[in-house]
Engineer: 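This structure is in structure tokens; I'll ask about it shortly.
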Amino acid sequence: MDLPSSADVVIVGAGLAGLACARATVAAGLSTVVLERSDGVGGRVRTDAVDGFLLDRGFQIALLAYPELQAQLDVAALDPQRFEPGAVVWRGGALHRVADPFRQPTKLLATLAAEVGSPLDKVRVGLLRRELVGTPAADLLRRPETTTLADLQRRRFSTEMIDRFFRPLLSGIQLDPDLASTSRMFEVIFRTLAMGDTAVPAAGMGAIPAQLAAGLDDGVVHLEREVVSLQGTGVRVVDGTTVSGRAVVVAAEGPTGAALLGLDPPRSKSATCIWFAADTMPFSGRALLLDGTATGPVTNLSPHSTVAPGYAPAGRALLAAALPGLAGGGELVSQAKAQLRGWFGGQVEDWEVLRVDTIRHAQPEVRPPFVPKRRVRLGDGRYVCGDWRDTPSIQGALFSGRRCGEAVVRDLHA
């Protein structure tokens, strides 16, 4: 599709933030052009069909209690496939199930008996849950902060509970095996986990940006159009084409967006996900399996096709192994298989590696001091949005994009 030479708003990047921004400007009647360098929308939130399987680009989940997810999307239309609350923890040659007794009261006694932390630890989890659910997320993001590890130690959780439960859980969700991220984000994430379900859309995580893009007019999004520089409130595309605008929004991922704008780049967290296909699922249930022994490199294992059967063809099982902070190919796969053989025995040798996803910038790093809501207006008609300008999450990307779009609308309609 030919690019227009001008528009009211030019947006660089068709990830979640860019699409959320475009929805706000289009809804306000502003002509909008979104330029995306790749062949599809979504940025890091993409899904590919591979040999009959659906593979997200890395291990990803949607926390359904995110306010922006509920506000900007038709969540029911995504047909969310839900994980079981709680987790399964591998420890000492056995699996131990730790449920959320507030949502699964019949599993309270089994959870108390699980060899993951002490009974006092589990009481403290309940107290933590009650405190965080009773505190608005915005207030949590304004609290005095420390690291996640220091916060858990302040709350007097045992080293065993931290290492066997919190560390592998947050390794998968926040890519934080060292628990060095700000305590503010830990508390917000834990609150969100307690308040709602964790899920993946039936058609893959890519269904989220696909739904956002479907709400835009034809001709708004232009794929395979890499922006190489800004020109005032316009842009120059790699083929030399230029698009001028009354406002330009950089919604690219942190390192790319910062380079275009001449800003300091965010520090990045990397992650690898190994997608395994098997004849049968090696454990039962729809809960994440956490490594409670810290033997690595896999910190958690997701029974993806049990949670969402559409991710795998009939008669096959799909597992996602999350390896935060690591990058690699064959050697890393060999290490992961050796670890998983210790859990499930020789059947692991027959598992097929469908794909290894290594994402160098999987999330922006958020160590203290953390500013959760950074400015979207940069002056001279330039704007910026993305999870690196807010919180490192789907919530942060959607919220940042929407508030940026609303700022553009206010300024251009002034």
Side-chain angles (χ1 to χ4, degrees), residues 7-38 40-46 60 62-63 66-75 78 137-138 141 188 205-217 220-223 227 230 233 235 245 247-258 260-261 263 266 361 363-364 366 371-378 381-413:
D8 290 325
V9 186
V10 182
I11 299 174
V12 182
L16 299 186
L19 294 172
C21 180
R23 284 168 64 98
T25 58
V26 168
L30 297 175
S31 61
T32 301
V33 171
V34 180
L35 303 174
E36 167 59 40
R37 68 181 178 184
S38 73
V41 299
R44 285 164 282 157
V45 185
R46 297 278 300 272
Q60 302 179 40
L63 305 186
Y66 280 148
E68 290 296 315
L69 199 71
Q70 296 291 332
Q72 296 194 40
L73 289 139
D74 181 348
V75 174
L78 294 174
L141 289 171
V188 167
M205 290 294 290
I208 294 174
Q211 188 184 113
L212 291 172
L216 299 172
D217 298 333
V220 170
V221 177
H222 295 258
L223 304 177
V227 171
L230 305 186
T233 54
V235 301
V248 61
V249 177
V250 174
E253 66 178 10
T256 301
L260 283 171
L261 290 163
L263 301 175
H361 178 75
Q363 280 187 15
V366 285
V371 179
K373 190 177 179 181
R374 305 178 69 183
R375 63 189 176 124
V376 296
R377 293 181 175 93
L378 299 181
R382 294 185 174 188
Y383 302 77
V384 61
C385 59
D387 63 350
W388 61 292
R389 307 296 295 179
D390 207 276
T391 57
S393 61
I394 289 175
Q395 163 70 19
L398 291 172
F399 178 58
S400 178
R402 178 175 63 81
R403 70 184 179 93
C404 182
E406 291 172 350
V408 172
V409 170
R410 285 194 296 270
D411 294 348
L412 295 190
H413 282 172

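Numbers here simply count residues along the sequence, with the first being 1. The model shown is predicted, which means the values in this text are computed figures rather than measured ones.
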Engineer: Quick one: OG1 on T233 to OH on Y383, what's the gap to the nearest 0.5 Å?
Structural biologist: 10.0 Å
Engineer: Among L35, I11, L260, find the residue that satisfies the side chain to side chain contact (heavy atoms under 4.5 Å, CB included) test when tested with V235.
Structural biologist: L35
Engineer: Going from CG on D390 to CZ on R403, what distance comes out if it is rounded to the nearest 0.5 angstrom?
Structural biologist: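 If we round to the nearest 0.5 Å, D390:CG and R403:CZ are 5.0 Å apart.
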Engineer: Hey, are the side chains of Q70 and V75 touching, using non-hydrogen atoms and a 4.5 Å cut-off?
Structural biologist: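 In short, these two side chains touch, coming nearer than 4.5 Å.
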Engineer: Heavy atoms, side chains only, cut-off 4.5 Å: are L216 and T32 in contact?
Structural biologist: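 Contact flag for L216/T32 side chains = no.
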Engineer: Determine whether V409 and T25 make a side-chain contact, defined as any pair of heavy atoms from C-beta on separated by less than 4.5 Å.
Structural biologist: yes
Engineer: Are the side chains of L19 and V221 in touch, meaning some heavy atoms are under 4.5 Å apart?
Structural biologist: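 In short, these two side chains touch, coming nearer than 4.5 Å.
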Engineer: Taking atom CD of E253 and atom NE2 of H361, what is their separation to the nearest 0.5 Å?
Structural biologist: 5.0 Å
Engineer: Taking atom CD of E68 and atom CZ of R402, what is their separation to the nearest 0.5 Å?
Structural biologist: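 Between E68 CD and R402 CZ, I get 4.0 Å after rounding to 0.5 Å.
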Engineer: For residues D387 and P364, determine if any side-chain heavy atom of one lies less than 4.5 Å from a side-chain heavy atom of the other.
Structural biologist: yes
Engineer: When you look at CZ of R37, are more than 12 heavy atoms from neighbouring residues, nucleotides or ligands closer to it than 6.0 Å?
Structural biologist: no
Engineer: Measuring from atom SG of C21 to atom CD of E406, what distance do you get when rounded to the nearest 0.5 angstrom?
Structural biologist: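 One gets 9.5 Å once the value is rounded to the nearest 0.5 Å.
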Engineer: Are any side-chain N or O atoms of Q211 and backbone N or O atoms of D74, one a donor and one an acceptor, separated by less than 3.5 Å?
Structural biologist: yes
Engineer: Restricting to non-hydrogen atoms, name the atom on Q72 and the atom on L398 that form the minimum distance, rounded to 0.1 Å.
Structural biologist: NE2-O, 3.0 Å
Engineer: Kindly indicate whether the side chain of R374, heavy atoms from C-beta on, has any atom under 4.5 Å from the side chain of V384.
Structural biologist: no
Engineer: Check each of L16, L212, L223 against V41 using the side chain to side chain contact (heavy atoms under 4.5 Å, CB included) test, and report the only one that passes.
Structural biologist: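 In the set L16, L212, L223, the residue that makes a side chain to side chain contact (heavy atoms under 4.5 Å, CB included) with V41 is L223.
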Engineer: How close do A207 and L78 get, counting heavy atoms only, and between which atoms?
Structural biologist: O-CD2, 3.6 Å
Engineer: If you round to the nearest 0.5 Å, how far is CG of L73 from CD1 of I394?
Structural biologist: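 One gets 9.5 Å once the value is rounded to the nearest 0.5 Å.
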